[in-house]
Protein chains: 2
Amino acid sequence: MDVHLRELRYFVAVAEELNVTRASGRLFVSHPALSKQLRTLERQLGFPLFDRVHGGMALTRQGRALLPFARELLGRWNAGVEAARAAAPSGTLVVGMQTAVGRGIQQETLRGFRAAMPGWELSLRLVNWTDPSAGLADGGSDVAFVRPAVAWRRGDHRPQVRAFLGALP
Amino acid sequence: MDVHLRELRYFVAVAEELNVTRASGRLFVSHPALSKQLRTLERQLGFPLFDRVHGGMALTRQGRALLPFARELLGRWNAGVEAARAAAPSGTLVVGMQTAVGRGIQQETLRGFRAAMPGWELSLRLVNWTDPSAGLADGGSDVAFVRPAVAWRRGDHRPQVRAFLGALP
DNA sequence: TTCTATTACGAGACTCGTAAGGATA
DNA sequence: TATCCTTACGAGTCTCGTAATAGAA
């Protein structure tokens, strides 16, 4: 009965738009994919979340009952991740990545950073690609790989940041 | 940054056992699979949840911070599903299934049921296979497919239940 | 040796996008 | 026709189990 939080995001989006096509645009997926996910969720639950009416969707009684829980879960998960991140021991440089970086660069940079900053840790954080700042905006990342170049917080001259940038090939 | 609730279940189990092998037994998965899921979760988050110490695992500060949220999410999701299920309009027979039933049987049974019970709906609920009663125990299912035969609540003689059983090939 | 956790790898399930189908005004 | 949602299908990814690997007492 476990679900993916993504399915709940999809559910909430469709419940807000009451229109699969529009919601799919907001979620950056195709409408067939969204429609299928919705059906899968309904099948797992064993009850319908939406009635298919002309021109879109309408929440069923069950869908209306589930919706606040879906919203709550999404919010609490974000809160939990932030709380855990805040509990990180100091001495860690958090590197945000929208997508995996070529293995060679990653390894080489790691070695260089460790040589330059003994006692410090590198934490590679995989960031949701919908965040163009790769975690810099919310302060979750110290530096980040974004296309097409490496970026860092403006005016950030902490030694671990400088060491990391210096270690780049 | 979305996660599967299954990953949180895995995380909680390992946090409670502090031992991947033991936790994997409790979760009915192999230890390599569990170990890999844990690593994946840590990689997505960008921080470690456990320190690998001799004889098992130890929660990091971040892991300790995240744990209550993971428990909360799992609990709230179950509560949400129950709330939604309770909101179902009457006139629905909920059929629990531990696993998909052969398509022929399902379709044929559906037709038979609808012919026998106009105005009633069949809801096919996919139940976690760790529940041997397929939802009968918690009252979430009215009847259920379990191996090796069809079972129903003892003493249940409601007309929709009788119609469903009668519609079986 | 015995207890851990992890990596390697292949099979099956899931998830996506593009394209086609079908229902309603 | 126009606007929806859904199904079909192929490609890539995820998830699992078995088997092998690796480190610590």
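What you see is a predicted model, and the numbers here were worked out from it, not measured in a lab.
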Exercise for the section: Just compare dA5(C), dC4(D), dC16(D) and give me whichever is closest to any side-chain atom of T21(B). Expected result: dA5(C)
Problem - Sugar-phosphate, base or nothing in reach of Y10(B), heavy atoms under 4.0 Å - result: sugar-phosphate
Handout entry: Closest nucleotide among dG17(C), dT6(C), dT15(D) to the S30(A) side chain
Key = dG17(C)
Problem - Contact under 4.0 Å: R52(A) side-chain N or O vs dC4(D) OP1/OP2 - result: no
Practice task
Verify the contact: side-chain N or O of N19(A) to OP1 or OP2 of dT3(D), cut-off strictly under 4.0 Å; return yes or no.
Solution key: no
Problem - Whole-Å distance separating the CZ atom of F50(A) from the C1' atom of dC5(D) - result: 13 Å
Problem - Closest listed nucleotide, where the reference is the side chain of Q37(B) and the choices are dT6(C), dT15(D), dT15(C) - result: dT15(D)
Fill in the blank from the handout: CZ (R39(A)) and CG (L49(A)) are apart, to the nearest 0.5 Å, by 10.5 Å
Practice task
Let me know, please, whether V53(A) or T40(B) comes out on the 5' side of the other along DNA chain D by nearest nucleotide.
Solution key: V53(A)
Handout entry: Short side-chain to backbone donor-acceptor contact, E17(A) and V14(A), under 3.5 Å
Key = no
Exercise for the section: Measure from NE2 on H54(A) to C1' on dT6(D) and round the result to the nearest Å. Expected result: 16 Å
Handout entry: R52(B) with E42(B): basic N within carboxylate O range, under 4.0 Å
Key = yes
Problem - E16(B) side-chain N/O to A13(B) backbone N/O, donor-acceptor pair under 3.5 Å - result: no
Practice task
Whole angstrom is fine here: how far is it from CG in L38(A) over to P in dT6(D)?
Solution key: 7 Å
Practice task
May I ask you to verify if any side-chain N or O of R39(B) is less than 4.0 angstrom from the OP1 or OP2 atom of dA5(C)?
Solution key: no
Completion exercise
Q44(A) CD to dA13(C) C1', in whole Å, measures 13 Å
Practice task
Would you indicate which nucleotide in dT15(D), dA8(D), dG17(D) comes nearest to any side-chain atom of P32(A)?
Solution key: dA8(D)
Practice task
Rounded off to whole Å, could you give me the CG-to-C1' distance for the L5(B) and dC14(C) pair?
Solution key: 17 Å
Practice task
Check whether any side-chain nitrogen or oxygen of R6(A) sits under 4.0 Å from OP1 or OP2 of dT15(C), and answer yes or no.
Solution key: yes
Exercise for the section: In whole angstrom, give the distance that lies between atom CZ of R43(B) and atom C1' of dT13(D). Expected result: 12 Å
Practice task
Figure out the CG/P separation between D51(A) and dT6(D), and round it to whole Å.
Solution key: 11 Å
Exercise for the section: Grab the CG-C1' distance between L18(A) and dT3(D) for me, whole Å please. Expected result: 16 Å
Practice task
Check for a donor-acceptor pair, side chain of T60(A) on one end and backbone N or O of P48(A) on the other, with a separation under 3.5 Å.
Solution key: yes
Exercise for the section: When you get a sec, tell me which of dA5(C), dC9(C), dC16(C) is the closest nucleotide to the side chain of A33(A)? Expected result: dC16(C)
Exercise for the section: Could you tell me whether the phosphate oxygens of dC5(D), OP1 or OP2, come under 4.0 Å of any side-chain nitrogen or oxygen in S35(A)? Expected result: no
